[in-house]
Amino acid sequence: MATDSWAQAVDEQEAAAESIGNLQIKEKPEENGTTANAPDSSSAVAKSQGAGEKKETDEDDKDDKAAQSLLNKLIRSNLVNNPNQVEVLQKDPNSPLYSVKSFEELRLKPQLLQGVYGMGFNRPSKIQETALPMMLAEPPQNLIAQSQSGTGKTAAFVLAMLSHVDPNYNYPQCLCVSPTYELALQTGKVIEQMGKHYPEVKLVYAIRGNKLQRGIKLQEQIVIGTPGTMLDWCTKLKFIDPKKIKVFVLDEADVMIATQGHQDQSIRIQRMLPKSCQMLLFSATFEETVWNFAQRIVPDPNIIKLKREEETLDNIKQYFVMCYSKEEKFQALCNIYGAITIAQAMIFCHTRKTAGWLAGELSREGHQVALLSGEMQVEQRAAVIERFRDGKEKVLVTTNVCARGIDVEQVSVVINFDLPVDKDGNPDKETYLHRIGRTGRFGKRGLAINMVDGQMSMNILKRIQEHFNKNIEQLDTDDLDEIEKIAS
Ligand SMILES: Nc1ncnc2c1ncn2[C@@H]1O[C@H](COP(=O)(O)OP(=O)(O)OP(=O)(O)O)[C@@H](O)[C@H]1O
């Protein structure tokens, strides 16, 4: 498919594509330590956007934030190392700002300290250094915290919730709302792990499918769930007495506001809570809409921000190859593979169809190829990325939507089989930078090869080049000596 016709191809694909709204997680939370009243997984599996809510657009055109966020959680095993400094805006600028370098300084309950160390945490992460003293202060302080995924936000608010509950009282004291069932489950798992040595504290999931008998009052101290069910449990069903809530956490605020209705439901829950209740809101990004929402949820907040480390194109050698069809592009790719040793490469295509075709052709050529495609469920996608990250496959072919926001650290070669363009056919510079660029963390050199297949894509390439003011050299893939040079 020529790049020029991509928009049409996407349209066709969208018309035919199935929604990926049925992302499912099968596992049931473990029941050791902090006890979880999890619903039967077969009945409780809800749609990622909430059962019954129709997704507005199809996968190839939609930035499915909830799925991305979940994927990142599933494949991440470590803290993201961010060299930036946290910015702190205190409610009361005159009060001293505490920051801790160890968990001991927080004077946690011994059971919780044991839980924290049991999870392998040696010291607080950058965001935790400042957020934890604020959250654990007396009287408790409200907090809005923004930092990219993987910087330790979940662990921080879980520790705050576990510290504030009183296990002697058998009623809900902490509410935590998450945008989807799957994200709620992930947080629930962290609560269970961290509360492993604190079995008196119990947890229940307020999610569609967890049907409780009418008239009951919850005994669990922590309720985690999606906003709609949580609201019903506080209002119509009265399983929770909102007046007794001490801590209210709103997680993944940026994902939350992407779903119509979640904002209103969250605000309605918040309005029922007592003035003394501690309000905590977390977000990976902080655009205007998130900020407006955050201010409605959290009165008199302290604010902590940790800026994302910017990617750059320094240290990246960029080339383009002139072709006239996808077959020629494939041939050029084979020539490159024939001439240089590529440990691992990521190849980006516009559509699932091209990605599927290319993966098939490459594997016929004997390459170990992994394909990341939109129709896969989120867990399958996580498994593919994990295998690739572990080096089990050497080539990962994907569409941009699938791979957006995912860092596969060791990849030194990125191939744009199709150049990234936005819906209007303009160069998508941000995506280009994200695909090719590197942060200080992976400061090693990289190689980027762009496949151009006509005048239109040549124009796009020129605009990308001008924007970044970095030269993209032409590569003649029929000349083996020339290809060899790029690897040196
Ligand atoms: N202090 C710490 N020391 C070591 N590892 C930590 C620490 N805090 C959190 N982690 C680990 O780092 C990873 C990211 O943490 P966490 O999930 O809390 O981040 P997050 O900012 O909430 O990101 P996301 O929203 O994507 O989950 C997890 O694997 C977590 O177990």
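Positions are given from 1 along the sequence.
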*Asks:* Without swapping roles, check the side chain of Lys153 against the backbone of Gly150 for a donor-acceptor pair under 3.5 Å.
*Replies:* no
*Asks:* Using ring pair (Phe, Tyr, Trp, His ring centres under 6.0 Å) as the criterion, list what pairs up with Phe121, not counting sequence neighbours.
*Replies:* none
*Asks:* Going through the distances and angles, do Lys329 and Asp453 end up as a side chain to side chain contact (heavy atoms under 4.5 Å, CB included)?
*Replies:* CA-CA 8 Å; Lys329 292 201 271 187; Asp453 59 7; 2.9 Å; yes
*Asks:* For Leu143 and Ala131, work out which heavy atoms get closest and say how close.
*Replies:* CD2-CB, 3.9 Å
*Asks:* With no hydrogens and no angle check, do the side chains of Thr289 and Glu287 hold a donor and an acceptor under 3.5 Å apart?
*Replies:* no
*Asks:* Using the six-membered ring wherever Trp is involved, compare the ring planes of Tyr117 and Phe103 and label them parallel, tilted or perpendicular (cut-offs 30° and 60°).
*Replies:* perpendicular
*Asks:* Is a donor from one side chain sitting under 3.5 angstrom from an acceptor on the other, for Tyr432 and Asn450?
*Replies:*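 There is such a pair between these side chains.
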*Asks:* Does atom CD of Glu430 have more than 12 heavy-atom neighbours from other groups under 6.0 Å away?
*Replies:* no
*Asks:* Is a donor on one side and an acceptor on the other found under 3.5 Å between the side chain of Thr399 and the backbone of Cys349?
*Replies:* no
*Asks:* Please enumerate all residues that pass salt bridge (charged side-chain N to carboxylate O under 4.0 Å, His left out) together with Glu288, with sequence neighbours excluded.
*Replies:* none
*Asks:* Looking at CG of Leu475 and CG of Asn335, how far apart are the two atoms once the value is rounded to the nearest 0.5 Å?
*Replies:* 9.5 Å
*Asks:* Please enumerate all residues that pass side chain to side chain donor-acceptor pair (under 3.5 Å) together with Gln85, with sequence neighbours excluded.
*Replies:* none
*Asks:* Can you tell me how far the CG atom of Leu281 sits from the CD1 atom of Ile303, to the nearest 0.5 Å?
*Replies:* 10.5 Å
*Asks:* Is there side-chain contact between Leu333 and Leu362, with heavy atoms separated by less than 4.5 Å?
*Replies:*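 The answer is yes; the side chains approach within 4.5 Å.
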*Asks:* Considering residues at least two apart in sequence or located in another chain, which fulfil the side chain to side chain contact (heavy atoms under 4.5 Å, CB included) criterion with Asn78?
*Replies:* none
*Asks:* When Phe320 is tested against each of Met451, Met458, Lys462 for side chain to side chain contact (heavy atoms under 4.5 Å, CB included), which residue passes?
*Replies:*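 The side chain to side chain contact (heavy atoms under 4.5 Å, CB included) with Phe320 is passed solely by Met458 among Met451, Met458, Lys462.
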*Asks:* Would Thr154 and Phe282 count as a side chain to side chain contact (heavy atoms under 4.5 Å, CB included) here? Give the steps.
*Replies:* CA-CA 8 Å; Thr154 309; Phe282 298 85; over 6 Å; no
*Asks:* Donor-acceptor pair, distance only, cut-off 3.5 Å: does the side chain of Glu309 make one with the backbone of Pro83?
*Replies:*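 Here the side-chain-to-backbone pair does not exist.
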*Asks:* Once rounded to the nearest 0.5 Å, what's the spacing between atom OG1 of Thr187 and atom OH of Tyr205?
*Replies:* 8.5 Å
*Asks:* Could you state the interatomic distance from NZ (Lys485) to NZ (Lys317), rounded to the nearest 0.5 Å?
*Replies:* 11.0 Å
*Asks:* Between Leu358 and Ile347, what is the shortest heavy-atom contact and its length?
*Replies:* CD2-CG2, 3.6 Å
*Asks:* Side chain to side chain contact (heavy atoms under 4.5 Å, CB included) with Ser283: which residues, sequence neighbours excluded?
*Replies:* Ala253, Asp254, Thr285, Val290
*Asks:* Indicate the atoms forming the closest heavy-atom contact of Gln128 with Pro133, along with that distance.
*Replies:*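 Looks like O-CD, 3.7 Å.
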*Asks:* Are any non-hydrogen side-chain atoms of Leu371 and Val384 less than 4.5 angstrom apart?
*Replies:*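 SC-SC contact between Leu371 and Val384 ruled out.
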*Asks:* Would you say the side-chain atoms of Asn82 and Arg308 include a donor-acceptor pair closer than 3.5 Å?
*Replies:*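 Judged by distance alone, the side chains do not pair up.
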*Asks:* Could you pull out all residues at least two apart from Glu87 that satisfy side chain to side chain donor-acceptor pair (under 3.5 Å)?
*Replies:*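 With sequence neighbours excluded, Glu87 shows a side chain to side chain donor-acceptor pair (under 3.5 Å) to Lys307, given in chain and number order.
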*Asks:* Under the rule for side chain to side chain donor-acceptor pair (under 3.5 Å), what residues qualify as partners of Glu252, not counting sequence neighbours?
*Replies:*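 Glu252 satisfies side chain to side chain donor-acceptor pair (under 3.5 Å) with Ser69, Lys73 once adjacent residues are dropped.
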*Asks:* Would you say Gln465's side chain and Ile472's backbone share a donor-acceptor pair under 3.5 angstrom?
*Replies:* yes
*Asks:* Can you name the nearest heavy-atom pair linking Val378 to Ala67, along with the distance?
*Replies:* CG2-O, 3.7 Å
*Asks:* Applying salt bridge (charged side-chain N to carboxylate O under 4.0 Å, His left out), can you list everything that pairs with Lys470, at least two apart in sequence or on another chain?
*Replies:*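 Residues passing salt bridge (charged side-chain N to carboxylate O under 4.0 Å, His left out) with Lys470: Asp314.
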*Asks:* By side chain to side chain contact (heavy atoms under 4.5 Å, CB included), which residues pair with Glu361, not counting sequence neighbours?
*Replies:* Phe330, Trp357, Arg364
*Asks:* Can you see which heavy atom on Val452 is nearest to which on Ser457, and at what distance?
*Replies:* CG1-OG, 3.4 Å
*Asks:* Once you round to the nearest 0.5 Å, how far does CG of Leu250 lie from CG of Leu280?
*Replies:*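 Atom-to-atom, Leu250:CG and Leu280:CG are 10.0 Å apart.
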*Asks:* Any donor-acceptor pair under 3.5 Å linking the side chain of Ser373 with the backbone of Met376?
*Replies:* no
*Asks:* Check for me whether Lys326 meets the cation-pi criterion with Phe417, that is, NZ or CZ under 6.0 Å from the six-membered ring centre and within 45 degrees of the ring axis.
*Replies:*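 Ring-cation test returns no.
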*Asks:* Taking the side chain from Thr180 and the backbone from Leu183, do they hold a donor-acceptor pair closer than 3.5 Å?
*Replies:*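 Yes: the side chain of Thr180 pairs with the backbone of Leu183.
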*Asks:* For Asn426, does the CG atom have more than 12 heavy-atom neighbours from other residues, nucleotides or ligands under 6.0 Å away?
*Replies:* yes
*Asks:* Do the non-hydrogen side-chain atoms of Gln318 and Asn471 ever get within less than 4.5 Å of each other?
*Replies:* no
*Asks:* Does Thr354 reach the main-chain N or O of His350 with its side chain, forming a donor-acceptor pair under 3.5 Å?
*Replies:*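 No, Thr354 side chain to His350 backbone: no donor-acceptor pair under 3.5 Å.
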*Asks:* Of all residues at least two apart in sequence or in a different chain, which pass the side chain to side chain contact (heavy atoms under 4.5 Å, CB included) check with Ser102?
*Replies:*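 So Ser102 forms a side chain to side chain contact (heavy atoms under 4.5 Å, CB included) with Glu104, Glu105.
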*Asks:* Could you check Val177 against Thr226 for side chain to side chain contact (heavy atoms under 4.5 Å, CB included), going step by step and ending with a plain yes or no?
*Replies:* CA-CA 5 Å; Val177 290; Thr226 47; over 6 Å; no
*Asks:* Run the salt bridge (charged side-chain N to carboxylate O under 4.0 Å, His left out) test against Arg463 and tell me which residues pass, sequence neighbours left out.
*Replies:* none
*Asks:* What verdict does the side chain to side chain contact (heavy atoms under 4.5 Å, CB included) test give for Ile316 and Leu447, after you've listed the backbone C-alpha separation in whole Å, the side-chain angles of each residue and the deciding distance to 0.1 Å?
*Replies:* CA-CA 6 Å; Ile316 310 293; Leu447 181 62; over 6 Å; no
*Asks:* What residues form a side chain to side chain donor-acceptor pair (under 3.5 Å) with Thr398, not counting sequence neighbours?
*Replies:*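 Per chain and number, Thr398 pairs via side chain to side chain donor-acceptor pair (under 3.5 Å) with no residue.
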*Asks:* Can a donor-acceptor pair be found, under 3.5 Å and without considering hydrogens, that links the side chain of His367 to the backbone of Glu393?
*Replies:*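 It does not hold such a pair.
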*Asks:* Of the non-hydrogen atoms in Leu79 and Gly152, which two are nearest, and what is the gap between them?
*Replies:*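 Scanning both residues completely, I find the closest heavy atoms to be CD2-N, 3.8 Å.
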*Asks:* So, taking the atom named CD in Glu482 and the one named CD in Glu473, what distance separates them when rounded to the nearest 0.5 Å?
*Replies:* 8.0 Å
*Asks:* So that I can tick it off, tell me whether Glu129 and Arg123 are bridged by a salt bridge, with the cut-off set at under 4.0 angstrom between side-chain N and carboxylate O.
*Replies:*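 A salt bridge links Arg123 with Glu129.
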*Asks:* Any donor-acceptor pair under 3.5 Å linking the side chain of Lys126 with the backbone of Asn84?
*Replies:*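 Judged by distance alone, yes, a pair lies under 3.5 Å.
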